[in-house]
Structures are given as structure tokens and as C-alpha cells.
Amino acid sequence: MNNLELARIFYEIADILEMKEVEWKPRAYRKAAQAIENLSEDVSEIYKKSGIKSLEEIPGVGESIAEKIEEFLKTKHIKTYEKLKRSLPKHLTELMEFQGLGAKRANILYKKLKIKSIKDLEKAAKQHKISKLQSFKIKTEENILKGIELFKKSSQRTLLGIALPIANNLINELKKSKYVNKISVAGSLRRRAETIGDIDILATSSQPQKVMDLFTALPDVKRILAKGSTKSIVLLKNNMQADIRVIEDKSFGAALQYFTGNKEHNIKLRGIAIKKGLKLNEYGISKKEKYISGKTEEDVYKTLGLNYMDPELRENTGEIEASLKNKLPKLVSLKDIQGDFHVHTIESDGNNTIEEMASAAQKLGYEYICITDHSKSTYIAHGLKEDRLLGHIKNIRKLQKKFKIKIFAGSEIDILPDGTLDYPDEILKKLDIVSVSVHSNFKKQEKDATNRIIKALENKYVHILNHPTNRLINEREPLSLDLDKIFKVASENKKILEINSHPNRLDLKDVYIKKAKEYGCKFSISTDAHSTNSLRYMELGVSQARRGWCEKKDIVNALSLKEIEKLFNIK
DNA sequence: GCCGTTTTCGGCCCGACTGTTTTCAGTCG
């Protein structure tokens with residue numbers, strides 16, 4: 001749990017140094033912060049291996065930052081940081097988070113008007129003090145006032161599951177135009193990050209201006225934030241920002257690569273290009289001003305001596321190195337998925353019947369589905385007591401006769417605070433597939449919380465651990481867990497970890513999936529659907545599995561029905 | 001402050017848009 005705190009500190013150090021007009025260091029601190037943020041292992045674990053030396057192996061971390069990490073691990077403080085913080089007013093770096101204000105202009109505002117926070121900024125703008133400054137005119141003041149309204153509303157990133165359909169809608173609208181040739185989403189959305197800052201769209205056209213007009217007039221648009229000849233930015237009605245960029249056909253691949261990012265991935269690619277005497281930008285790869293390639297992303301990677309890599313991998317977490325060694329994973333895809341192991345019905349807190357869920361799953365082309373209603377302790381969700389569960393199982397067996405799709409009888413069983421399960425073993429024996437979840441006592445200390453889950457995983461009837469960390473994105477912190485220990489136990493006991501596809505959950509999350517995979521764990525990608533519509537969340541879970549470098553062989557519900565029956569010993 | 005198959009010193013991604021501007025700096029992604 002040190003990584004996020006350290007990343008935050010290093011980002012702030014970067015901001016403070018930038019305010020002080022220190023050159024280059026801010027970039028170094030940001031690079032290190034980003035690397036630490038994306039680690040799949042806690043820095044304390046890395047430090048345990050061989051101290052400062054192993055810390056320096058983190059890309060972007062050198063001697064000085066490694067020492068600061070050590071200091072933090074030992075004392076929970078970093079003296080340089082405390083000192084830097086004291087040298088500026090408390091909230092000053094908050095100004096840099098404001099759209100349109102960077103270090104330079106924030107600094108001017110502070111020096112000339114003593115503006116130290118967003119609150120001060122709002123006050124000064126309302127009193128028209130800003131437009132009186134020599135280097136700030138009326139337009140800036142207006143933009144600040146507009147920006148404040150937005151700043152209050154939308155400090156949170158949007159869930160992937162919400163942004164994706166909105167973006168698809170925008171793209172479908174634009175596709176209708178004869179002026180739009182090729183079009184795609186780019187950015188973090190194309191990489192299928194769990195949350196999205198803004199929607200990036202890339203298109204090709206011989207008439208970019210027409211596309212700008214079209215885009216800024218779409219029905220979802222609330223306000224135009226910028227409109228140029230090849231690039232525009234709008235604010236959507238749901239307060240998300242959407243950007244479009246239009247280029248020529250011959251640059252589509254290069255631009256798509258460029259705008260998909262992420263930033264660190266791109267910087268590394270450009271480094272590779274430079275070493276080969278090439279220049280890489282959004283228009284293509286060139287040598288001495290002469291265009292070489294850029295029509296497709298495949299061309300771009302090939303020219304750089306790399307294999308094509310799926311967007312979900314492009315986070316500069318080893319994919320470029322893997323590509324150079326021809327060791328990129330062949331990622332699992334939605335069409336590999338043969339069934340869903342986690343769905344609810346009206347018997348507990350779902351909205352549809354067993355028949356409706358089974359029939360919807362059959363329509364998706366699945367071979368099997370597992371009905372997993374809640375166990376008795378989740379009384380809020382009408383969890384089933386033993387007698388009701390036995391009746392439920394009987395009902396499932398009876399309904400099977402009406403369906404081609406295999407309906408497994410399962411249950412989402414509570415792991416009680418002491419690690420025992422909500423049903424006794426005699427009941428578990430009667431279920432085809434046993435999956436277990438934590439639904440209470442979220443605040444336990446790491447040791448207790450970890451032991452609670454490990455005890456459940458050691459039950460020989462348990463097959464799957466659902467939403468392992470129990471986080472809700474933007475809402476609830478994950479359980480405090482020693483995940484290394486849990487992954488180790490899961491792997492040794494051949495227990496399956498769920499990748500929960502619900503937009504709010506996406507749990508396990510990408511970096512932990514990758515880590516668990518290294519421990520040899522297998523995964524089930526499930527929707528936790530409470531209605532037939534939500535079965536479609538599967539693509540979100542698959543995208544996170546892909547971000548965790550999973551191949552078909554890592555995913556249990558990519559197995560055929562026969563293989564599943566063999567795996568779970570179901571007769 | 002970091003980094004190295006051009007380098008242990010001297011570089012550090014690069015281009016669009018806005019407005020502070022009329023030839024350029026600041027900010028963003």
C-alpha cells in the first residue's frame with residue numbers, strides 16, 4: 001500500500017519543483033511516480049530483496065529517488081519533500097490541477113494576486129481581478145469561471161463501462177458522414193483502462209474542417225471547449241470531455257498508435273526510432289524528412305523492429321521488451337469465452353428468473369452458465385437458507401431439461417468474518433461449483449483479512465474466489481490484504497480467482513491479474529449479472545484480463561463444457 | 001534526477017491549440 005502514497009508524493013514534488021522553475025527534475029520525478037504507481041508489487045517487497053539496489057531497478061528510479069523511498073519505508077517521511085512543501089503555501093500546487101493553468105501561470109497568479117487555492121482563484125475571477133493583470137486578459141478570466149464549475153463536478157474519472165458506450169455512440173454518429181473515412185477511439189479508452197479521463201477519437205478525412213463542424217454539433221455535446229482545423233475538444237452532456245483529431249489516411253496507423261499511448265510507451269518507441277536514425281510522430285515514421293510508414297499500426301511497429309502489440313498491453317510495463325524477444329502473449333478475447341460462472345436470479349437479489357438468465361446466456365452463444373445466488377448471511381439480498389438452496393438446486397436440475405445450454409448449480413457463499421463459510425460442507429457437496437465472497441467486515445487489519453480469505457481457500461470444496469479485493473472503483477477501498485500470500489495459496493490449492501466484470505468492480509484489477517498469473521493462478525471472468533442485460537459486461541472483464549496479459553489458457557471459462565465438467569469433477 | 005549498442009556528461013518526445021500573441025510562450029495530451 002506504499003506505492004500510491006509514494007507516487008502521490010513524487011508527483012507533488014514534481015509540481016513544487018516546476019513552480020520553482022527547476023528544470024528537468026519535475027520530469028524525472030513524474031516518470032518515477034508513474035512507474036511506482038504501475039508496479040504490481042509493493043515497493044516494500046522490492047526493497048526487501050536487496051535494498052536500494054533493487055529499488056534502482058524500477059525504471060526512472062535512480063540513486064536519489066531510491067534513497068527517498070528507503071527513507072519513506074523506514075520513517076514514513078521524506079525530509080526533502082517536507083522541506084519543499086514548507087517552502088510554498090499549502091494548496092498552491094492544487095492550482096496546477098486546474099485545466100489551463102500550469103506552473104508558470106499559477107506562479108504569476110500567486111505572486112501578483114496571492115492566489116493560493118482554487119477557492120482564491122474563484123474569488124479573484126469573480127471580482128475581475130485576473131483580467132486586470134498584464135498577462136491575463138478577459139478571455140482567461142471567463143475560462144477560469146467556466147472551468148471552476150466543471151472542476152467542482154468532475155474530479156473523478158469515468159468508469160470504463162460508462163465511457164465505452166458513450167464513445168461508441170459518438171463514433172457511430174460520425175461514421176454516418178461521407179466526410180469521415182476511417183475512425184477509431186484512441187487513448188485510455190482504447191487501452192481499456194478501468195477509468196477514463198476523456199474520450200479520444202481519431203478519424204481520417206480529406207475535409208477535416210467538415211468533420212470539426214460535425215463533431216462539435218453532435219447531440220451529446222454540451223459546450224465547445226476548443227475548435228481548430230484538425231483538432232477539437234468538447235464537453236459532453238454527462239460532463240466528460242471528448243477530443244477529436246483528424247489526419248490523412250497515410251498517417252492513420254501512426255496517429256492511432258500515437259494517440260493510444262500510453263505516454264511512456266510512446267516515449268520509449270520514439271527512443272527506439274531515434275536509435276535507428278528515424279523520427280516517429282503522429283504523421284508516420286520518417287527518415288530525413290522522407291515518409292517511410294504510418295498507414296497501419298502494424299507498419300509502425302514493424303518499421304521499429306517490433307511485433308504488433310494489442311492496445312491493452314501498451315503501458316510500458318514490459319511489453320516492448322517482450323516484443324523484442326518475441327514473447328508477447330496471445331491475449332484471450334471475448335469470442336474465447338464459453339460461459340459465465342457468476343449470475344444472480346430473482347431467488348436472491350437478481351431481476352430475472354433462472355430460465356431468463358439461461359436463455360439470455362444461450363443467445364450469447366455460451367455452452368454453460370452457473371447460477372450463483374447469495375447465501376443466507378447476505379440477508380439484505382435475500383440470501384438463501386439451506387432448505388431454500390436445496391429447493392433452488394432441485395429447480396435448476398428440473399429446468400435443465402428445457403435447455404441446450406448447461407446450467408450449473410452454484411452459489412455465491414459468504415466468507416464469514418472468521419473465515420468459515422456460510423454453508424456446511426454437506427451442502428457445498430451438493431453444488432456443482434462453489435464460489436466464495438467477502439460481503440461484510442471490510443475494515444479488518446491486513447493479517448486478519450488475509451487469514452480470513454486463506455482459510456476459505458483451504459476448504460477443499462471451494463472452487464472460485466469472487467471479487468478478491470472487494471473494491472468499488474471511486475467508492476470503496478479494497479480490503480487490506482497480503483495479495484502475494486493469497487495468490488500463493490490460491491495457486492497451490494488450485495483455486496480460481498474471479499475477474500469480476502461489473503463496471504464498478506473490475507476485481508481483480510489488471511496489475512494484480514498479471515501478478516497472480518506469475519504465481520500460476522487461473523482465472524474465471526464473470527459478470528456478476530443481476531439481470532439479463534448485464535451479461536454483456538463480459539467484455540469489460542475480458543479487457544481487464546487482457547490488460548493483465550492473460551491468454552486463453554489462463555481463463556477457466558474459455559474451456560469447453562466437457563473440459564469444465566472434468567476440471568470440477570461434475571457428473 | 002535519470003540514463004547510456006552514439007554518451008558517465010549532456011541530453012531529456014513532439015506537435016496542436018489558445019491567447020498571454022502578430023511570431024511566441026504556455027499548456028495539454
Side-chain angles (χ1 to χ4, degrees), chain A residues 10 13-15 17-19 21-35 55-69 80 84 95-109 112 130-144 147 186-191 196-202 208 212 224-234 241-247 251 254-255 257-286 305 316 324:
Chain A
F10 290 144
I13 291 179
D15 285 347
L17 291 172
E18 201 161 39
M19 282 264 185
E21 293 180 50
V22 176
E23 283 195 292
W24 305 117
K25 287 190 190 184
R27 182 175 296 191
Y29 275 104
R30 286 208 182 98
K31 205 174 166 187
Q34 196 172 14
L55 290 175
E56 283 186 41
E57 279 167 28
I58 302 167
V61 174
E63 196 184 343
S64 166
I65 293 184
E67 279 171 4
K68 291 188 177 69
I69 297 173
T80 324
L84 277 170
L95 283 182
M96 287 175 64
E97 285 165 33
F98 193 85
Q99 279 274 324
L101 286 186
K104 294 260 166 67
R105 281 148 54 89
N107 218 352
I108 295 174
L109 288 172
K112 295 269 170 74
I130 291 171
S131 57
K132 295 204 176 66
L133 288 177
Q134 204 185 2
S135 48
F136 290 75
K137 294 276 150 59
I138 187 81
K139 192 88 190 167
T140 311
E141 196 168 84
E142 281 171 20
N143 285 341
I144 285 172
S188 54
L189 190 53
R190 183 157 180 258
R191 298 198 312 277
I196 308 299
D198 52 25
I199 295 172
D200 293 305
I201 296 173
L202 182 74
M212 293 299 111
I224 299 168
L225 298 177
K227 188 177 174 186
S229 54
T230 61
K231 179 183 170 179
S232 291
I233 306 169
V234 296
Q241 194 175 299
D243 301 6
I244 196 168
R245 182 74 186 272
V246 176
I247 33 88
S251 298
Q257 192 289 311
Y258 178 88
F259 289 110
T260 298
N262 75 0
K263 196 169 161 180
E264 296 304 319
H265 176 93
N266 285 357
I267 289 173
K268 205 165 221 173
L269 288 195
R270 252 174 254 137
I272 292 174
I274 289 165
K275 271 182 208 135
K276 290 182 181 287
L278 303 169
K279 190 168 114 171
L280 170 63
N281 60 23
E282 63 258 56
Y283 300 110
I285 299 184
S286 54
N316 189 29
L324 286 167

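It should be emphasised that the depicted structure is a prediction, and the values quoted were computed from it without experimental measurement. Note on naming: letters A, B, ... go to the chains in the order of the sequence lines (proteins, then strands), and numbering restarts at 1 for each one.
Minimum heavy-atom separation, A/Ile285 to A/Leu280: CG1-CD1, 3.7 Å. In plain terms, the two heavy atoms of A/Asn281 and A/Ala254 that are nearest each other are O-CB, 3.8 Å. Here the closest heavy-atom approach between residue A/Asp200 and residue A/Gly187 is recorded as OD2-CA, 3.5 Å.
Residue A/Ile108 is classed as having no contact, given no heavy-atom separation below 4.0 Å to the nucleic acid. Residue contacts shown for A/Lys104 are limited to sugar-phosphate atoms, with no base heavy atom under 4.0 Å away. Counting any heavy atom pair closer than 4.0 Å across all strands shown, A/Lys68 reaches sugar-phosphate atoms only and no base atom. A/Ala103 comes within 4.0 angstrom of sugar-phosphate atoms only, judged by non-hydrogen atoms across all strands, and of no base. When heavy atoms are screened at a 4.0 angstrom cut-off, A/Phe10 is found touching no nucleic acid atom at all. Across all strands, A/Ser229 comes closer than 4.0 Å only to sugar-phosphate atoms, never to a base (heavy-atom distances).
With A/Ser131 as reference, A/Glu141 is the one residue of A/Lys137, A/Glu142, A/Lys139, A/Glu141 to meet the side chain to side chain contact (heavy atoms under 4.5 Å, CB included) rule.
For A/Lys279, the side-chain hydrogen bond (donor to acceptor under 3.5 Å, both in side chains) test picks out no residue, with sequence neighbours left out. Residues that satisfy the ring-ring contact (aromatic ring centres under 6.0 Å, His included) test with A/Tyr29, not counting sequence neighbours, are A/Phe10. In this structure A/Lys276 satisfies the side chain to side chain contact (heavy atoms under 4.5 Å, CB included) test together with A/Ile272, A/Leu278, sequence neighbours excluded. Residues satisfying the side-chain hydrogen bond (donor to acceptor under 3.5 Å, both in side chains) criterion with A/Thr260, sequence neighbours excluded, are A/Arg190. With sequence neighbours excluded, the residues forming a side-chain hydrogen bond (donor to acceptor under 3.5 Å, both in side chains) with A/Asn316 are A/Lys268, listed by chain and number. Residues meeting the side chain to side chain contact (heavy atoms under 4.5 Å, CB included) test with A/Glu56, sequence neighbours left out: A/Ile52, A/Glu63, A/Ala66. With sequence neighbours excluded, the residues forming a side chain to side chain contact (heavy atoms under 4.5 Å, CB included) with A/Ile233 are A/Leu225, A/Ala226, A/Lys231, A/Gln241, A/Asp243, listed by chain and number.
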Please list each protein N or O that sits under 3.5 Å from an N or O in nucleotides 4-8 of chain B, with the distance.
none

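A/Phe136 places its CZ atom 8 Å from the P atom of B/dT27, with the value rounded to the nearest Å. Note: CG (A/Leu225) to P (B/dG19) measures 11 Å, nearest angstrom. Per the geometry, CG belonging to A/Asn266 stands 15 Å off C1' belonging to B/dC28, to the nearest Å. Atom pair A/Ile224:CD1 and B/dC17:P shows a separation of 14 Å (rounding to whole Å applied). If you measure from atom CD of A/Glu23 to atom P of B/dA25, you get 14 Å, rounded to the nearest angstrom. In this structure, the NZ atom of A/Lys231 is 12 Å from the C1' atom of B/dC14, given to the nearest Å. Distance A/Glu56 CD to B/dG1 C1': 12 Å, rounded to the nearest Å. Between the CG atom of A/Asn107 and the P atom of B/dA25 there is a distance of 18 Å, rounded to whole Å.
Between A/Lys263 and B/dG29 there is no side-chain N or O to OP1 or OP2 distance below 4.0 Å. Considering only side-chain N and O atoms, A/Lys25 lies under 4.0 angstrom from the phosphate OP1 or OP2 of B/dG1. Here A/Thr230 does not reach the OP1 or OP2 of B/dG15: none of its side-chain N or O atoms lies under 4.0 Å away. Using a 4.0 Å cut-off, some side-chain N or O of A/Asn143 falls inside it from OP1 or OP2 of B/dG19.
Atom name C1', nucleotides B/dG11 and B/dA16: the rounded distance is 25 Å, in whole Å. Rounded to the nearest Å, the gap between the C1' atom of B/dT23 and that of B/dT18 is 15 Å. Using P as the reference atom, B/dT5 and B/dG1 are 23 Å apart when rounded to the nearest Å. Taking atom C1' in both B/dT8 and B/dG4, one finds a spacing of 8 Å when rounded to whole Å. For B/dT22 and B/dG29, the C1' atoms lie 27 Å apart once the distance is rounded to whole Å. Remark: the separation of the C1' atoms in B/dC14 and B/dC9 is 24 Å, to the nearest Å. A gap of 14 Å separates the C1' atoms of B/dC2 and B/dT7, to the nearest Å.
Taken residue by residue, residues 277-285 of chain A places heavy atoms nearer than 4.0 Å to DNA chain B at A/Lys279, A/Asn281, A/Glu282, A/Tyr283.
Comparing A/Glu97 and A/Lys139, the nucleotide of DNA chain B nearest to each residue sits closer to the 5' end for A/Lys139. Sequence order on DNA chain B of the closest nucleotides to A/Asp198 and A/Lys31 puts A/Lys31 first from the 5' end.
Between A/Asn266 and A/Gln257, the side chains place a donor N or O and an acceptor N or O closer than 3.5 Å (distance only, hydrogens not considered).
Side-chain atoms of A/Gln241 lie closest to B/dG29 of the nucleotides B/dG29, B/dT21, B/dC17. Set against B/dG1, B/dG29, B/dT18, the side chain of A/Asp243 has B/dG29 as its closest nucleotide.
Put simply, the side chain of A/Tyr258 and the base of B/dG15 share no donor and acceptor less than 3.5 Å apart.
In this structure, A/Trp24 packs face-to-face on the six-membered ring of B/dC12, meeting both the 5.5 Å centre cutoff and the 30° plane limit.
The nucleotide B/dT8 finds no pairing partner, because no Watson-Crick or G-U wobble arrangement with both distances shorter than 3.5 Å includes it.
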